Amino acid sequence: QVQPVESGGGLVQPGGSLRLSCAASGFTLDYYAIGWFRQAPGKEREGVSCISASDGSTYYADSVKGRFTISRDNAKNTVYLRVNNLKPEDTAVYYCARRPFRTCSDSYLMRQFFDSWGQGTQVTVSS
């Protein structure tokens with residue numbers, strides 16, 4: 001079954017950090033761009049970051065720029081999202097998704113451009 005699998009979420013205090021992982025199950029990461037999205041209760045799912053397979057270029061939403069870092073380890077078939085200086089408004093279920101192309105940019109960080117989704121991992125920021 002082709003599906004990304006997320007892990008690494010949890011409860012963290014404001015200002016804390018987490019590293020989220022997205023393991024590619026059933027497909028090889030080398031050929032696909034990967035995106036991270038999040039969905040807070042009562043809100044639309046929003047794109048957070050994506051990374052291209054072609055050249056490793058990255059893109060971040062303005063709300064997380066400077067705090068989140070996306071990276072990929074093709075040898076481990078895994079994409080990571082390092083989230084630093086977390087704020088209560090970062091509380092959400094975080095999803096990773098596969099884009100059926102090797103490139104990603106701000107123009108493509110929307111749900112309709114991704115074809116396979118994980119089940120999500122909960123991140124809760126609270127004191």
Side-chain angles (χ1 to χ4, degrees):
Q1 182 179 2
V2 173
Q3 185 177 30
V5 179
E6 305 95 335
S7 61
L11 173 63
V12 62
Q13 293 185 340
S17 299
L18 288 170
R19 189 179 76 161
L20 308 182
S21 298
C22 173
S25 177
F27 66 98
T28 302
L29 206 58
D30 305 45
Y31 304 110
Y32 301 95
I34 297 294
W36 281 96
F37 292 74
R38 66 184 181 184
Q39 189 165 16
K43 294 189 176 180
E44 295 289 319
R45 191 170 299 188
E46 64 169 342
V48 171
S49 181
C50 64
I51 185 166
S52 297
S54 53
D55 60 3
S57 58
T58 58
Y59 170 77
Y60 299 94
D62 288 342
S63 58
V64 306
K65 202 170 292 184
R67 299 189 296 123
F68 289 15
T69 302
I70 191 171
S71 61
R72 62 193 298 146
D73 185 338
N74 287 354
K76 294 183 177 180
N77 222 25
T78 300
V79 169
Y80 303 99
L81 185 69
R82 178 72 181 182
V83 296
N84 293 329
N85 191 20
L86 283 162
K87 305 175 182 180
E89 52 263 40
D90 293 318
T91 295
V93 178
Y94 283 70
Y95 299 90
C96 68
R98 186 186 77 170
R99 173 165 153 73
F101 296 95
R102 299 191 73 198
T103 59
C104 188
S105 68
D106 55 342
S107 301
Y108 297 109
L109 193 55
M110 289 178 281
R111 294 183 68 169
Q112 61 264 39
F113 296 117
F114 291 78
D115 69 348
S116 183
W117 293 80
Q119 296 299 307
T121 186
Q122 176 71 47
V123 173
T124 303
V125 185
S126 174
S127 56

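Values in this document were obtained by computation on a predicted structure and should not be read as measured data.
- Contact between G120 and E6 at its shortest, heavy atoms only, is N-OE1, 2.9 Å.
- L20 and V48 fall within a single hydrophobic cluster, where Ile, Leu, Val, Met, Phe, Trp and Tyr side chains are chained together by heavy-atom contacts under 4.5 Å.
- The environment of K65 atom NZ is dense: over 12 non-hydrogen atoms of other residues, nucleotides or ligands sit within 6.0 angstrom.
- Annotation: F37 is in aromatic contact with W117 [ring centroid separation under 6.0 Å].
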* Decide side chain to side chain contact (heavy atoms under 4.5 Å, CB included) for V123 and L18; before the verdict, give the C-alpha distance in whole Å, the side-chain angles of both, and the deciding distance to 0.1 Å. => CA-CA 9 Å; V123 173; L18 288 170; 3.9 Å; yes

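- Residues R72 and A33 come closest through the heavy atom pair NH1-CA, 4.3 Å.
- Interatomic distance, CG of L81 versus CD1 of I34, reported as 12.5 Å (0.5 Å rounding).
- Residues I51 and M110 do not share a hydrophobic cluster, defined by chaining ILVMFWY side chains whose heavy atoms lie under 4.5 Å apart.
- Under the 4.5 Å side-chain heavy-atom criterion for Ile, Leu, Val, Met, Phe, Trp and Tyr, F68 and V93 are members of distinct hydrophobic clusters.
- V64 and V83 end up in the same hydrophobic cluster when Ile, Leu, Val, Met, Phe, Trp and Tyr side chains are linked at under 4.5 Å.
- Applying the side chain to side chain donor-acceptor pair (under 3.5 Å) test to every pair with at least one member in residues 18-27, sequence neighbours left out, gives no pairs at all.
- Taking Ile, Leu, Val, Met, Phe, Trp and Tyr as members and joining any whose side-chain heavy atoms lie under 4.5 Å apart, directly or through other members, L11 forms no hydrophobic cluster with any other residue.
- In this structure, N77 contributes its side chain and L29 its backbone to a donor-acceptor pair below 3.5 Å.
- Residue pairs meeting the disulfide bond (SG atoms under 2.5 Å apart) criterion with at least one member in residues 5-69, sequence neighbours excluded, are C22-C96, C50-C104.
- For residues 79-92, the pairs satisfying side chain to side chain donor-acceptor pair (under 3.5 Å) are S17-N84, R38-D90, R67-D90, R82-N84, with sequence neighbours left out.
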* Trace of the side chain to side chain donor-acceptor pair (under 3.5 Å) decision for S57 with D55 -> CA-CA 5 Å; S57 58; D55 60 3; 2.8 Å; yes

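- P100 is linked by a side chain to side chain contact (heavy atoms under 4.5 Å, CB included) to D115, counting only residues two or more places apart in sequence or in another chain.
- A distance of 4.5 Å separates CG in D30 from CG in N74, rounded to the nearest 0.5 Å.
- Side-chain N or O atoms of S116 include one that pairs as donor or acceptor with a backbone N or O of V2 at under 3.5 Å.
- Residue Y95 is not grouped with residue V125 when hydrophobic side chains (ILVMFWY) are merged at heavy-atom distances under 4.5 angstrom, including chains of intermediate members.
- Heavy atoms only, all atoms of each residue included: S127 and P14 are closest at N-CD, 3.7 Å.
- For the side chain to side chain contact (heavy atoms under 4.5 Å, CB included) test, residues two or more places apart in sequence or in another chain that qualify with T103 are S52, S54, R99.
- Between Y32 and F27, the ring planes are perpendicular. Angles over 60° get that label, and only those under 30° would be called parallel.
- The structure places CZ of F113 at 9.5 Å from CZ of F101, a figure rounded to the nearest 0.5 Å.
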